[in-house]
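Letters go in sequence order (proteins before strands), and every chain restarts at 1.
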Number of protein chains: 2
Amino acid sequence: MAGMATRTTRRSQRRTEALSRERIVGAAVELLDSAGEGGLTFRALAERLSTGSGAIYWHVANKDELLGAATDAVIAGALPAGPGDPAAGPREEIRAVALGLFVAIEEHPWLATQLSAQMARNPWGPVTPRIFERVGRRVRALDVPEENWFTATSVLVHYVLGAAGQNAANTAGARALGPDADRAAFLDSVAKAWEDLDPEDYPLTRAAADQIRDHDDREQFLAGVDLVLAGVMTLRPAAPPS
Amino acid sequence: MAGMATRTTRRSQRRTEALSRERIVGAAVELLDSAGEGGLTFRALAERLSTGSGAIYWHVANKDELLGAATDAVIAGALPAGPGDPAAGPREEIRAVALGLFVAIEEHPWLATQLSAQMARNPWGPVTPRIFERVGRRVRALDVPEENWFTATSVLVHYVLGAAGQNAANTAGARALGPDADRAAFLDSVAKAWEDLDPEDYPLTRAAADQIRDHDDREQFLAGVDLVLAGVMTLRPAAPPS
DNA sequence: ACCTGAACACCGTTCAAGT
DNA sequence: ACCTGAACACCGTTCAAGT
């Protein structure tokens, strides 16, 4: 019965430290990062916090609320408050915010699903306004007519979340291929599958297979952001000075 | 053995009819439509097909594959093959494809999550090429330089899926508010929550609350598509003739 | 007030056994 | 070849009982 342990993976911060919503959310983020969406379990969480699974319910209503709190905690850290860099123009600021979300999702792949879920079924929660405000303010600075703010911001946010999620999935897919496989190997396997499609039905996808093989992910991502920004600029009332 | 039945809610097509992958996928779609993502269960599916839950595994590897097959079946129906309407220009065709996806997701809200999941973690499956090809071909017809096809198509698809998912979630949210509540009531509750935000931190979100209240969903959606298209047009090599 | 941990009502998946 | 249905190893959530 004597635990022969002292494991190096300290799994209980300190069993005397009181449980709190904050500690629970922190442990949930760690679990999501290390074990993925399927790894977050009340039992695993309780073990990591060296408590009973029922105890968590004293601080958190249910798993949905826990996921929402974890999502908001990470986003709040990734999109800090404040007016950003005043030297950069709004376009550069938008690119920076977009890239910030891209990187956050790369570091926490579970964010992609959760952010979409939060914005979709819980738009009154803290996550949606946080992202909307951050992006929308910069869109306004672009001199877009007021009735177009919402459309422009929606397009930007949906694209950013979708593309960043795609990128994170590519990383995850590469890891799943094997520990030695890298991102290029994964994209290559996708390209091969596309090249095997029926030439009759999928000429364009076959032609695009090559492009997917060697592309820089961030560059591609930012090219998409620039495309949206180019569309946004066409909404401005008058021709801008050069 | 004489069934006294002939139930009006025919829940077993005919118990003598052999099980098949096609029947299973069809029943899965019905279950997803009527009971949502949480309603698709091997036990519920087995009951509906009047068979044992284990039998399903003879035709389908696991739940992921079943969800993928259900998603592909619906998308194949919503985006029929063929070159579309040759009379319309590529911009009109892109709007039509986008609206087709929008409507399909409105009718099958579980599609929003599943499409993103399929494109992200299963890009070699049938769903991704189907959508990509349909949209990409029209983008090419816009005379976009070849190296921009992928970016332009990605932006369009990510926006369409994100916005359509948001729309479907609004419909679902309204239903959840109560059987008598409509979409306007739901959006109003979101707007109210946004108006209660801290004016210091969320000036723009508060200002946008009003816009969310009375907006036509399809019109808003198509405005976003047009914004992306405007951005895509800027990629064309030369100034087009009027 | 906060925590424990057994118990409940579910899951997806497997597999010996049937036909 | 195809189907049955009990069994296994999980889940999220509840709740009497403890401190």
Side-chain angles (χ1 to χ4, degrees), chain A residues 1 3 11-32 34-71 110 113-114 117-118 121-122 176, chain B residues 1 3 11-32 34-71 110 113-114 117-118 121-122 176:
Chain A
M1 282 290 178
R11 63 162 30 152
S12 58
Q13 302 263 84
R14 185 198 203 106
R15 40 44 150 82
T16 59
E17 189 171 352
L19 214 50
S20 69
R21 191 181 157 95
E22 208 177 27
R23 272 190 69 213
I24 291 171
V25 171
V29 171
E30 285 178 25
L31 219 39
L32 286 164
S34 63
E37 302 195 48
L40 179 59
T41 280
F42 276 81
R43 283 167 176 82
L45 199 53
E47 198 198 358
R48 185 178 272 252
L49 295 163
S50 49
T51 182
S53 61
I56 297 167
Y57 284 89
W58 183 261
H59 299 93
V60 159
N62 53 41
K63 193 172 182 179
D64 272 359
E65 193 190 293
L66 178 58
L67 278 166
T71 302
W110 50 274
T113 307
Q114 285 308 311
Q118 285 300 312
R121 29 182 173 281
N122 194 17
Chain B
M1 281 298 175
R11 65 156 31 147
S12 58
Q13 301 265 84
R14 184 197 203 109
R15 61 328 206 99
T16 59
E17 189 173 352
L19 214 49
S20 70
R21 191 182 157 95
E22 208 178 26
R23 272 190 70 214
I24 292 171
V25 171
V29 170
E30 286 178 25
L31 219 40
L32 286 163
S34 63
E37 301 195 49
L40 178 60
T41 281
F42 276 81
R43 283 167 178 82
L45 198 53
E47 198 198 0
R48 184 178 273 250
L49 295 162
S50 49
T51 182
S53 60
I56 297 168
Y57 283 89
W58 183 261
H59 299 93
V60 158
N62 52 41
K63 194 172 181 179
D64 272 0
E65 193 190 293
L66 178 58
L67 278 166
T71 303
W110 50 274
T113 306
Q114 286 307 311
Q118 284 300 313
R121 30 180 172 281
N122 194 16

Strictly under 3.5 Å: I want the nitrogen or oxygen pairs between protein and nucleotides 8-14 of chain D, one per line.
from, atom 1, to, atom 2, distance (Å)
D:dC11, N4, A:R43, NH2, 3.3
D:dG12, OP1, A:K63, NZ, 2.7
D:dG12, OP2, A:F42, N, 3.2
D:dG12, N7, A:R43, NH1, 2.8
D:dG12, O6, A:R43, NH2, 2.8
D:dT13, OP2, A:Y57, OH, 3.0
D:dT13, OP2, A:K63, N, 2.9
D:dT13, O5', A:Y57, OH, 3.2

*Return the set of residues passing salt bridge (Lys or Arg N to Asp or Glu O under 4.0 Å) with A:E65 (not counting sequence neighbours), or none when no residue passes.*
A:R21
Can you pull every protein N or O that's under 3.5 Å from an N or O on nucleotides 17-19 of chain D?
none

Can you give the donor-acceptor pairs under 3.5 Å from side chains of residues 34-42 of chain A to other protein atoms, not counting sequence neighbours?
from, atom 1, to, atom 2, distance (Å)
A:S34, OG, A:E30, O, 3.0
A:S34, OG, A:L31, O, 3.4
A:E37, OE2, A:T113, OG1, 3.2

*Could you tell me which non-hydrogen atom of B:A70 sits nearest to which non-hydrogen atom of B:V29, and how far apart they are?*
CB-CG2, 3.8 Å
*Residues two or more places apart in sequence or in another chain: which of them pass side chain to side chain contact (heavy atoms under 4.5 Å, CB included) with B:A117?*
B:R121
Nucleotide N/O of nucleotides 1-3 of chain C paired with protein N/O under 3.5 Å:
from, atom 1, to, atom 2, distance (Å)
C:dC2, OP2, A:W58, NE1, 3.3
C:dC3, OP1, A:L19, N, 3.2
C:dC3, OP2, A:H59, NE2, 3.3

*Atom pair OG1/CG of B:T71 and B:L66 - distance to nearest 0.5 Å*: 9.0 Å
*Want to know the stems of DNA chain D: at least 3 consecutive Watson-Crick or G-U pairs with distances under 3.5 Å, which are they?*
C:4-8 with D:12-16, C:12-16 with D:4-8
_A:N122 vs A:D64 side-chain heavy atoms within contact, under 4.5 Å_ = no
*So, for A:A46 and A:I56, which heavy atoms are closest and what is the spacing to 0.1 Å?*
N-CD1, 3.9 Å
*asked:* Any side-chain to backbone donor/acceptor pair from B:R23 onto B:A18? Under 3.5 Å, distance only.
replied: yes
